[in-house]
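For ligands, and for the atoms within them, numbers begin at 1 and follow the listed sequence. Counting from 1, the numbers follow the sequence of the chain as shown.
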Amino acid sequence: MRIPEHDEKQGLYEDAELRIRGLIAGEPDRIARMAGIVAILHGLMPHYYWTGFYRVLGDGLVIGPYQGTVGCGRIAKGRGVCGVAWATGETQVVPDVHAFPGHIACDAASESEIVVPVRDTAGEIVAVFDVDSTLAAAFDDVDRTGLEAIFVAWGE
Ligand code: SME
């Protein structure tokens with residue numbers, strides 16, 4: 001596990017976005033898109049340890065496609081980093097998960113995290129995309145910008 005430096009990280013997100021646009025163009029099903037997006041990003045990014053979606057279902061979040069160790073299945077509204085991203089509609093960049101009040105530790109190896117809200121074409125949040133790293137402060141504005149661009153473009 002390593003954190004790519006700025007230019008390398010930016011290049012990886014450009015590569016990921018191109019691949020994901022190709023995937024989306026050929027696949028209308030939401031779960032199939034999520035599965036492909038996870039595989040592309042998890043395979044490309046050397047600082048990703050756990051990569052996956054939590055889907056909005058009723059008044060909670062339910063796990064979707066992911067790669068990594070076994071994730072928590074359900075997250076109640078407003079709980080953890082994922083719940084805050086959903087409730088606020090804002091990307092959460094957490095350099096130290098131990099300092100985040102209410103962080104949910106599904107895997108004790110996680111040190112830092114980013115969670116990006118995922119919207120449908122009507123602007124409703126339908127899921128959050130969650131990445132954990134075993135390295136502290138693995139995520140920054142390059143990750144935020146790169147992931148937000150992907151989820152603006154995902155078209156669902
Ligand atoms: N840490 C997250 C929960 C999901 S796991 O990281 C897979 C949170 O606090 O929302």
K.L.:
Do the ring planes of Phe53 and Phe151 sit parallel (below 30°), tilted (30 to 60°) or perpendicular (above 60°)?
P.N.:
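The arrangement is perpendicular - the two ring planes meet at more than 60°.
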
K.L.:
Does atom CD (Glu5) have a neighbourhood of more than 12 heavy atoms from anything else shown, all under 6.0 Å?
P.N.:
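Count over threshold, so yes.
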
K.L.:
Identify, with sequence neighbours excluded, every residue that meets side chain to side chain donor-acceptor pair (under 3.5 Å) alongside Arg74.
P.N.:
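For Arg74, no residue satisfies side chain to side chain donor-acceptor pair (under 3.5 Å) once neighbours in sequence are set aside.
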
K.L.:
Once you measure the plane-to-plane angle for Tyr13 and His47, does it fall in the parallel (<30°), tilted (30-60°) or perpendicular (>60°) bin?
P.N.:
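Tyr13 vs His47 ring planes: perpendicular.
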
K.L.:
Considering residues at least two apart in sequence or located in another chain, which fulfil the salt bridge (Lys or Arg N to Asp or Glu O under 4.0 Å) criterion with Asp7?
P.N.:
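By the salt bridge (Lys or Arg N to Asp or Glu O under 4.0 Å) rule, Asp7 matches no residue at all.
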
K.L.:
Using a threshold of 4.0 angstrom between heavy atoms of the protein and any atom of ligand 1, which residues qualify?
P.N.:
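Within the 4.0 Å shell of ligand 1, which is judged on heavy atoms, sit Trp50, Tyr54, Ile75, Gly80, Val81, Cys82, His103, Ile104, Cys106, Glu113, Asp130, Asp132.
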
K.L.:
Supply the members, apart from Val128, of the Ile/Leu/Val/Met/Phe/Trp/Tyr cluster built from side-chain contacts under 4.5 Å; use none for a lone residue.
P.N.:
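Result for Val128 is Met1, Ile3, Tyr49, Trp50, Tyr54, Val56, Leu61, Ile63, Tyr66, Val70, Ile75, Val81, Val84, Trp86, Val94, Val97, Phe100, Ile104, Val115, Ile125, Leu135.
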
